[in-house]
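Every value quoted in this text rests on a predicted model; they were computed, and no experiment measured them.
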Amino acid sequence: MSLSQQVLFLFIIALPIASIAWTVTHEEVIREFREFCVRESKTCRRISERKFFYLFTCEYCFSHYVTIAFLIITRFKLLFPDWRGYLLAGFSLVWIANVYMGLFGRIRLDLRKERLDINSEEAAFALAK
């Protein structure tokens with residue numbers, strides 16, 4: 001595979017990794033599971049259990065495990081055809097996926113701020129009438 005194809009695959013494979021990691025660690029659809037994991041990550045007796053449950057609450061941590069799964073599924077390697085290619089691909093995918101999640105988080109924050117501004121302006125306008 002050429003270098004340009006590898007870079008393209010890097011940015012494409014990072015998209016579903018970011019999507020899965022963000023969904024598990026932030027979205028409402030599995031809020032109950034995440035709240036359970038937060039509770040268990042604080043109350044379990046063994047440190048290994050606390051760390052296991054914590055990985056479902058941190059998008060950065062969880063993205064490593066999602067990346068490992070995607071590397072197994074896709075067998076994607078970056079620059080080298082052996083284990084070094086998997087290592088480079090793994091850390092590169094995690095980094096790109098976390099850039100995507102950071103951008104998505106920033107966009108969501110900006111949208112939420114705009115909605116609050118609009119609601120406060122509409123409330124002020126309604127009071128002025």
Does the side chain of [Y] come within less than 4.5 Å of [X]'s, by heavy atoms?
X     : Y     : result
Cys58 : Thr25 : no
Lys51 : Leu55 : no
Leu93 : Phe76 : yes

Minimum heavy-atom distance [X]-[Y], with the two atoms named:
X     : Y     : value
Gly90 : Leu71 : CA-CD1, 3.6 Å
Val24 : Arg34 : O-NH1, 3.3 Å
Ser92 : Leu78 : OG-CD2, 3.5 Å

(message) Pair Glu35, Arg31 - check salt bridge (Lys or Arg N to Asp or Glu O under 4.0 Å), show working.
(response) CA-CA 6 Å; Glu35 288 173 352; Arg31 177 178 48 88; 3.3 Å; yes
(message) Let me confirm one number: the CZ-SG distance from Phe62 to Cys37, rounded to the nearest 0.5 Å.
(response) 9.0 Å
(request) Output the distance between atom NZ (Lys77) and atom CG (Asp82), rounded to the nearest 0.5 Å. (result) 8.0 Å
Joint cluster assignment, [X] & [Y], ILVMFWY side-chain distance < 4.5 Å:
X     : Y      : result
Val66 : Phe53  : yes
Ile30 : Met101 : no
Phe52 : Ile68  : no
Leu87 : Phe70  : no

(request) Using the ring of Phe36 (Phe, Tyr or Trp, six-membered ring only), decide whether Arg39 places NZ or CZ under 6.0 Å from its centre and within 45 degrees of its axis. (result) no
(request) With sequence neighbours excluded, tell me which residues meet ring-ring contact (aromatic ring centres under 6.0 Å, His included) with Tyr100. (result) none
(request) Tell me, please, which residues at least two apart from Phe91 pass ring-ring contact (aromatic ring centres under 6.0 Å, His included). (result) none
(request) Return the orientation label for the His26 and Trp22 ring planes: parallel under 30°, perpendicular over 60°, tilted otherwise. (result) parallel
(request) For Arg50, check salt bridge (charged side-chain N to carboxylate O under 4.0 Å, His left out) against everything at least two apart and list the hits. (result) none
Let me check something: any side-chain donor-acceptor pairs from residues 6-21 under 3.5 Å, sequence neighbours excluded? List them with distances.
unit_1, atom_1, unit_2, atom_2, d
Gln6, OE1, Leu79, N, 2.8
Gln6, NE2, Met1, O, 3.2

(request) List in chain and number order the residues that pass side-chain hydrogen bond (donor to acceptor under 3.5 Å, both in side chains) with Thr67, two or more places apart in sequence or in another chain; answer none if no residue qualifies. (result) none
(request) Check whether more than 12 heavy atoms from other residues, nucleotides or ligands sit under 6.0 Å from atom OH of Tyr86, and answer yes or no. (result) yes
Counting only pairs under 3.5 Å, give me each side-chain donor-acceptor contact of residues 103-116, with atom names and distances, residues two or more places apart or in other chains.
unit_1, atom_1, unit_2, atom_2, d
Arg108, NH1, Glu27, OE2, 2.5
Lys113, NZ, Asp117, OD2, 3.4

